[in-house]
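Proteins come first, then strands; the chains are lettered A, B, ... in the order of their sequence lines, and each starts at number 1. In what follows, every heavy atom counts, from backbone to side chain, and hydrogens, waters and symmetry copies are set aside.
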Amino acid sequence: MPYTTNDIKSIEAKWQEYWDRHQTFRVEADSTKKKYYVLEMFPYPSGKIHMGHVRNYTIGDVIARYKIMQGFNVLHPIGYDAFGQPAENAAIKHKTDPGEWTYRCIDQMHEELKRMGFSYDWDREISTCDSEYYKWNQWVFLKMFERGLAYKKTSSVNWCPSCQTTLANEEVIDGTCWRCKSLVVQKDLEQWYLKITHYAESLLKDLKQLQDWPSRVRIMQQNWIGKSFGMEIYFKVKDSQEVITVFTTRPDTIFGATYVVLAPEHPLVKKWVSGIKEEKDVLAFIEKTANKSKSLRMSGDQRKEGVFIGRHAINPVNGETIPIFIGDYVLMEYGTGAIMAVPTNDQRDFEFARQYHLPMRIVIQDPKNLKINIEQMAEAYEGTGVLVNSKQFDGINNEEAKEKIAQWMQKEHMGKISVHWRLRDWLISRQRYWGTPIPVIYCESCGAVPVPYDQLPVHLPKNVEITGQGGSPLNRIETFVETICPKCFKPARRETDTMATFFDSSWYFLRFCSAHNNKEIFKKQEAKYWMEVDQYIGGIEHAILHLLYSRFFTKFFKDLGLVDFNEPFKRLLTQGMVLKDGEVMSKSRGNTVDPDEVLSKYGADTLRLFILFAAPPEDQLEWNSDGLEGAWKFLNRIYQMVDKPIGTDVVQSERTIENIRNELSNYILNISEMDDNDKGLERARNLAIKQITQSFEEGYKFNTAISQIMILANAIDKYTFHMRVAMEGGSPSERFLVFRRKLFLQTRSIETLILLLAPFTPHLCEELWQMIGKKDSTVCKVAWPKFDAAALKQTEVIYAVQINGKIRGQFTAPVTASQEQLCELCMTDTNVTRYLQGATIKKFIVVPNKLVSIVV
RNA sequence: GGGCGGGUGGUGGAAUCGGUAUACACGCAGGACUUAAAAUCCUGUGGCCGUAAGGCUGUGAGGGUUCAAGUCCCUCCCCGCCCACCA
């Protein structure tokens, strides 16, 4: 009988219960075993899992289960990234406690993950909002504070008016908040930062080690870190002692610098502005720029605006007096907040110069077009070329001149060779409730004092009213704020900002190594055994934020001597998005498919199989309910294959199929008795093992792995059909001998099929493994099958014949055939002979075991 | 503007050290079973021509290299993602 939804439900529940009861996936560090650490990015516990989760965790689960069958000691944990704003938003909306809401969601999520049959070590389940976890956040913070890597400074920060909190640069997307999409504004605030820039060099350099990461993630990080080589050049200010330092990557163009531009926020501007005749214009301009949102100001198409500031600078290389402007296209945060403008070689400077009728000078000529002249220029020339109007450097190629001019200027003290980074320090203060309290106490006499280690954790107070108004909620909790200074014991106040939640997820992979250790952040020996993460899986959206922060923390832990590696994730797989009707599935689009509904109709195995079969893991996946139905049918077919094999109707004896199968355990196959069908089946079986193993080892091409399983299933069905034919005729005893051999081969193929399918659809395969008589073993722990190269050898192959580049026929030849034999065999195809009639063969090319190509 | 992917049947996708394009699946069509439907099984399925054998054509467009090109080279078009007044 075909199975039903109810059968599937009971099969899946049965095995989930079995794995639980036997703690099948619980692991311990054991140095005698080779380890493998598979990790999927842990979820934010919003309650229900979505298809993106299903895809992410299914991919991880298949890898984990495959590695277990390969004999590895596999660590495969799960947890919850449980702090964050949705809990507060829910609290405001439903008037509940964020903690209560979060723990309820975690329970629900836990149940849903269990229903998917994932092979997690549930003993290591963690939540970042537990004090036993966030205590160690505070510990890490204090360690960083001790080393000057956590510090407080006032600066212009990104502020989301809707979330009422600050944001890291990485959290600002196109000038909007990454979470709520509202326009981010700039505010001057005193905030806590982590000195990620301290590791800029190694964060960049070590990307080279990450050969098993997608190259685009490496490139994105590289661009984000943004190392640029160049020099700082000093421009003396005319009639003043002041010097403007600019940063440039193009010292080769210094002779073409015809003005200088400062960022409106540049400190020299404030100093100079009062009393000059342009004062009003300058102040108006500064205010106008400040009011512009950062996103508007930074968009490239924006018309560049600026204003003359009433002063001049001296170009150090030629002594020219050039005007100083302030301009909205110069950013205070990058470089020195000041630039030298070379309009002929920089498009932005060119546009600005044209607009304000500023002078230009050509200093690089395009060797292909020596007639570049200022009047006819429509845009800046940003290509390479030969220097002109540059005194002793005339005639030198500009790439070469970069180095020469830089060296010369440095020697003449006109500037210094330097490197600038795009990467900024990481702002971690958040004016929110639902996060880790920053463990600092402010004392009037002692200043900012770290909370002593023995007073950790600083507990997040419970029963706090969340209104979403009026700044940090913790600020209003007197019992939390009021404390005493650990140094001088005078009354003091606690820091009320909490940490950005990316802090929590920057080291959770290490916590999994010693999930519930309350003495240390993690056990050094356990981390040494389990780390690094061998395979990490998650969405591309974390290519910069989370992955960069995790790399930063790992490097810090190495400096602390806690770990002896400097990269956390050996291999990274970024899974594609799940789409429906060509668009990303999302609540806001209203095109989601609830995994729960799919589970109640088809069960976890069907869902898993469909998701893995529909597209390679890294590609986008288009949801297709027909495809889901197809996966269901396939699994049903496999079930039939095991449930109702050929046999009972063929064997004319009292033996049942079951006791024949029992006898088969002692059966010895006589290879010489095998007919072509037997050999074909064995070939298909071994080919499947070979190719599926290969799809696991060479990138995770699960879609083609599954198609190989289907091919094997087709071969078994075909073989079963031939079995019936082979049973016809002969005496009952003769028939029995043939039947026994065939049943042996068929059973062996079915067994192989179950093993190969087990990582993908674990529940059904456990059930089938039992049905086929393997009552004493759990399929998920059976050794992965190995293939027999001898069975793959063919004695004959089909050759295609190409005549003048077109396929004209084919023939069968022994694999050992010589060129002469092949030439003769060609002629056995009548279509080929027709084409060769009356023609002279000019060339005869043989591609071994594939084709022959004849040129006539 | 810069960087990185990608463009293959009606659909999801196979095949890229150059070697029979469209594996596997979905869908569709026809058939078997059934009073009927569902399920299941069998057959067919890029397009055009042909009863057939077979022929022509076909991997975004155009050109090139080669006995042979989805794959390599040149020119161009389109789509997706990321970054972006970063000096």
Side-chain angles (χ1 to χ4, degrees), chain A residues 1-2 173-174 214-220 222-224 226-228 230 233 246-250 253 261 263 297-304 327-331 333-342 345-349 351-352 382 420-423 540-541 543-544 574 576-577 582 609-610 613-616 618-631 633-634 636-637 640 701 703-711 713-714 717 721 798-810 830-831 834 842-856:
Chain A
M1 284 293 287
I173 313 295
D174 282 335
S215 61
R216 65 173 181 143
V217 175
R218 292 202 314 261
I219 289 165
M220 279 160 76
Q222 189 183 316
N223 292 340
W224 189 264
K227 184 178 191 177
S228 33
I233 297 177
V246 306
F247 175 70
T248 183
T249 54
R250 296 291 306 270
T253 64
V261 190
R297 191 171 151 194
M298 297 220 298
S299 75
D301 340 313
Q302 188 68 14
R303 209 170 89 138
K304 287 151 192 59
D328 60 358
Y329 74 105
V330 177
L331 307 173
E333 303 89 80
Y334 187 76
T336 58
I339 62 154
M340 64 176 205
V342 185
N345 296 104
D346 182 290
Q347 184 59 23
R348 295 156 302 180
D349 298 342
E351 287 169 28
F352 191 83
E382 293 182 336
H420 277 260
W421 302 85
R422 221 193 70 118
L423 184 70
I540 186 77
E541 66 274 19
I544 295 172
T574 49
M577 303 238 182
L609 186 71
F610 164 71
F613 182 56
E618 313 224 45
D619 287 12
Q620 297 192 326
L621 183 146
E622 174 71 33
W623 184 261
N624 178 336
S625 45
D626 285 338
L628 194 65
E629 190 72 31
K633 283 181 188 171
F634 174 72
N636 207 328
R637 204 179 122 206
Q640 300 311 313
K701 298 272 181 188
N703 56 332
T704 49
I706 291 167
S707 81
Q708 291 298 332
I709 294 174
M710 290 170 168
I711 291 170
N714 292 347
D717 272 351
F721 174 79
I798 295 170
Y799 272 86
V801 185
Q802 252 180 8
I803 295 167
N804 287 344
K806 287 193 188 283
I807 300 294
R808 294 301 179 189
Q810 59 175 43
T830 51
N831 205 39
R834 191 158 64 83
K842 283 193 198 148
K843 243 183 184 177
F844 190 83
I845 299 154
V846 176
V847 183
N849 297 331
K850 284 219 164 115
L851 60 71
V852 295
S853 184
I854 304 168
V855 189
V856 297

**Item:** Pairwise P distance for A38(B) and C49(B), with rounding to whole Å
**Value:** 32 Å
**Asked** Counting any heavy atom closer than 4.0 Å, what does Leu621(A) reach on the DNA or RNA strands: base, sugar-phosphate only, or nothing?
**Response** nothing
**Prompt:** What nucleotide among G12(B), A87(B), G19(B) has an atom nearest to a side-chain atom of Ala614(A)?
**Reply:** G12(B)
**Message:** Just the rounded figure in Å: distance from C1' of C67(B) to OH of Tyr799(A).
**Reply:** 16 Å
**Nucleotide nearest Met710(A) (side chain, heavy atoms from C-beta), chosen from C83(B), G12(B), A25(B)** = A25(B)
**Request:** Report yes if a side-chain nitrogen or oxygen of Asn636(A) is closer than 4.0 Å to either non-bridging phosphate oxygen (OP1 or OP2) of A39(B); otherwise report no.
**Result:** no
**Asked** For A61(B), which nucleotide in any strand shown is its Watson-Crick or wobble partner with both distances under 3.5 Å?
**Response** U75(B)
**Message:** At 4.0 Å (heavy atoms only), tell me whether Asn714(A) reaches a base, stays on the sugar-phosphate, or touches nothing.
**Reply:** sugar-phosphate
**Message:** Does Glu622(A) reach a base, just sugar-phosphate, or nothing at all? Heavy atoms under 4.0 Å.
**Reply:** nothing
**Message:** For a quick check of understanding: with a heavy-atom distance under 4.0 Å over all strands, which category does Ser853(A) fall into, base, sugar-phosphate or nothing?
**Reply:** base
**Point-to-point distance, once rounded to the nearest 0.5 Å, from CZ of Arg422(A) to NZ of Lys227(A)** = 16.0 Å
**Complete:** When rounded to whole Å, the NZ to P distance for the pair Lys701(A) and A23(B) reads 18 Å
**Request:** Decide yes or no on ring pair (Phe, Tyr, Trp, His ring centres under 6.0 Å) for Phe610(A) and Trp623(A), but give the supporting numbers first.
**Result:** CA-CA 9 Å; Phe610(A) 164 71; Trp623(A) 184 261; 5.1 Å; yes
**Request:** Name the closest nucleotide to the Met220(A) side chain, picking from A87(B), A14(B), C82(B).
**Result:** C82(B)
**Item:** Integer angstrom distance from the P of A61(B) to that of U57(B)
**Value:** 15 Å
**Message:** How many whole angstroms separate atom NZ of Lys850(A) from atom C1' of U20(B)?
**Reply:** 10 Å
**Asked** Which nucleotide in the set C85(B), G13(B), A87(B) lies at the smallest distance from any side-chain heavy atom of Lys304(A)?
**Response** C85(B)
**Asked** Does a donor on one side chain and an acceptor on the other come within less than 3.5 Å for Asn223(A) and Arg218(A)?
**Response** no
**Prompt:** Side-chain N or O of Lys843(A) less than 4.0 angstrom from OP1 or OP2 on C67(B)?
**Reply:** yes
**Asked** When you compare C17(B) with U65(B), how far apart are their P atoms, in angstrom units rounded to a whole number?
**Response** 24 Å
**Asked** Between Ile706(A) (CD1) and A14(B) (C1'), how many Å, whole number?
**Response** 14 Å
**Prompt:** Is Pro214(A) touching bases, backbone alone, or none of the nucleic acid, heavy atoms closer than 4.0 Å?
**Reply:** nothing
**Item:** Counter-base of U40(B), judged by Watson-Crick or G-U geometry with both distances under 3.5 Å
**Value:** A32(B)
**Item:** Base-pairing mate for C26(B) - Watson-Crick or G-U, with both contacts under 3.5 Å
**Value:** G10(B)
**Request:** State whether Lys806(A) places a side-chain N or O below 4.0 Å from either non-bridging phosphate oxygen (OP1 or OP2) of C67(B).
**Result:** no
**Asked** Which parts of residues 623-630 of chain A get close to RNA chain B, meaning a heavy atom less than 4.0 angstrom away?
**Response** Asp626(A), Gly630(A)
**Request:** Using the P atoms only, state how far G10(B) lies from G58(B), rounded to an integer number of Å.
**Result:** 16 Å
**Asked** If the C1' atom of G18(B) is compared with that of A68(B), how far apart are they to the nearest Å?
**Response** 8 Å
**Asked** Rounded to the Å, how far apart are Ile540(A) CD1 and G3(B) P?
**Response** 18 Å
**Asked** Looking only at heavy atoms, what is the nearest atom pair of Leu331(A) and Ala263(A), with distance?
**Response** C-CB, 3.9 Å
**Asked** Tell me, do Tyr329(A) and Val261(A) make a side-chain contact under 4.5 Å, heavy atoms counted?
**Response** yes
**Request:** State which residues pass ring pair (Phe, Tyr, Trp, His ring centres under 6.0 Å) with Tyr799(A); sequence neighbours excluded, sorted by chain then number.
**Result:** Phe811(A)
**Message:** Using whole Å, what does the distance between atom C1' of nucleotide G18(B) and atom CD1 of Ile845(A) come to?
**Reply:** 12 Å
**Prompt:** Reckon Gln620(A) touches a base, only the sugar-phosphate, or nothing at all at heavy-atom distances under 4.0 Å?
**Reply:** sugar-phosphate
**Request:** May I ask you to say what Phe634(A) touches in the nucleic acid, namely base, sugar-phosphate or nothing, with a heavy-atom cut-off under 4.0 Å?
**Result:** nothing
**Prompt:** What is the pairing partner of C17(B), taking Watson-Crick or G-U wobble pairs with both distances under 3.5 Å in any strand?
**Reply:** none
**Message:** Rounding to an integer number of angstrom, what distance separates A15(B) and U8(B) when you compare their P atoms?
**Reply:** 15 Å
**Message:** If you compare every side-chain N and O of Arg808(A) against the phosphate oxygens of G55(B) (OP1, OP2), does one of them come in below 4.0 Å?
**Reply:** yes
**Item:** Steps toward side chain to side chain contact (heavy atoms under 4.5 Å, CB included) verdict (Glu622(A), Gln620(A))
**Value:** CA-CA 7 Å; Glu622(A) 174 71 33; Gln620(A) 297 192 326; over 6 Å; no
**Prompt:** Base, sugar-phosphate, or nothing: which does Asn831(A) touch, judged by heavy atoms less than 4.0 Å apart?
**Reply:** sugar-phosphate
**Message:** If I take atom CD1 in residue Ile803(A) and atom P in nucleotide G54(B), what distance separates them, rounded to the nearest angstrom?
**Reply:** 13 Å
**Asked** What does Ile711(A) touch in the nucleic acid at a heavy-atom separation under 4.0 angstrom: a base, only the sugar-phosphate, or nothing?
**Response** sugar-phosphate
**Message:** Could you tell me how far A25(B) sits from U16(B) if I compare only their C1' atoms? Round to whole Å.
**Reply:** 22 Å
**Asked** For C67(B), does either OP1 or OP2 sit under 4.0 Å from a side-chain N or O belonging to Lys842(A)?
**Response** no
**Message:** Using whole Å, what does the distance between atom C1' of nucleotide C24(B) and atom CG of Leu609(A) come to?
**Reply:** 12 Å
**Item:** Arg637(A) side-chain proximity, nearest of C86(B), C41(B), A21(B)
**Value:** C41(B)
**Complete:** For Arg834(A), the side chain to side chain contact (heavy atoms under 4.5 Å, CB included) test, sequence neighbours excluded, returns Asn831(A)
**Request:** Between Asp346(A) and Ala631(A), just flag the one whose closest nucleotide in RNA chain B comes earlier from the 5' side.
**Result:** Ala631(A)
**Asked** Counting side-chain heavy atoms from CB outward, which of G19(B), C83(B), U40(B) is closest to Arg422(A)?
**Response** C83(B)
**Asked** For the side chain of Arg348(A), counting heavy atoms from C-beta on, which of U20(B), A87(B), G12(B) is nearest?
**Response** A87(B)
**Prompt:** Gln810(A) or Gly805(A): which one's nearest nucleotide on RNA chain B is closer to the 5' end?
**Reply:** Gln810(A)
**Complete:** Here the pair of heavy atoms bringing Ser228(A) nearest to Thr249(A) is CB-CG2, 3.9 Å
**Request:** Name the nucleic acid region contacted by Ile219(A), choosing base, sugar-phosphate or nothing; use a 4.0 angstrom heavy-atom cut-off, strictly under.
**Result:** sugar-phosphate
**Request:** Give one of base, sugar-phosphate or nothing for Gly226(A), where a contact means two heavy atoms less than 4.0 Å apart.
**Result:** nothing
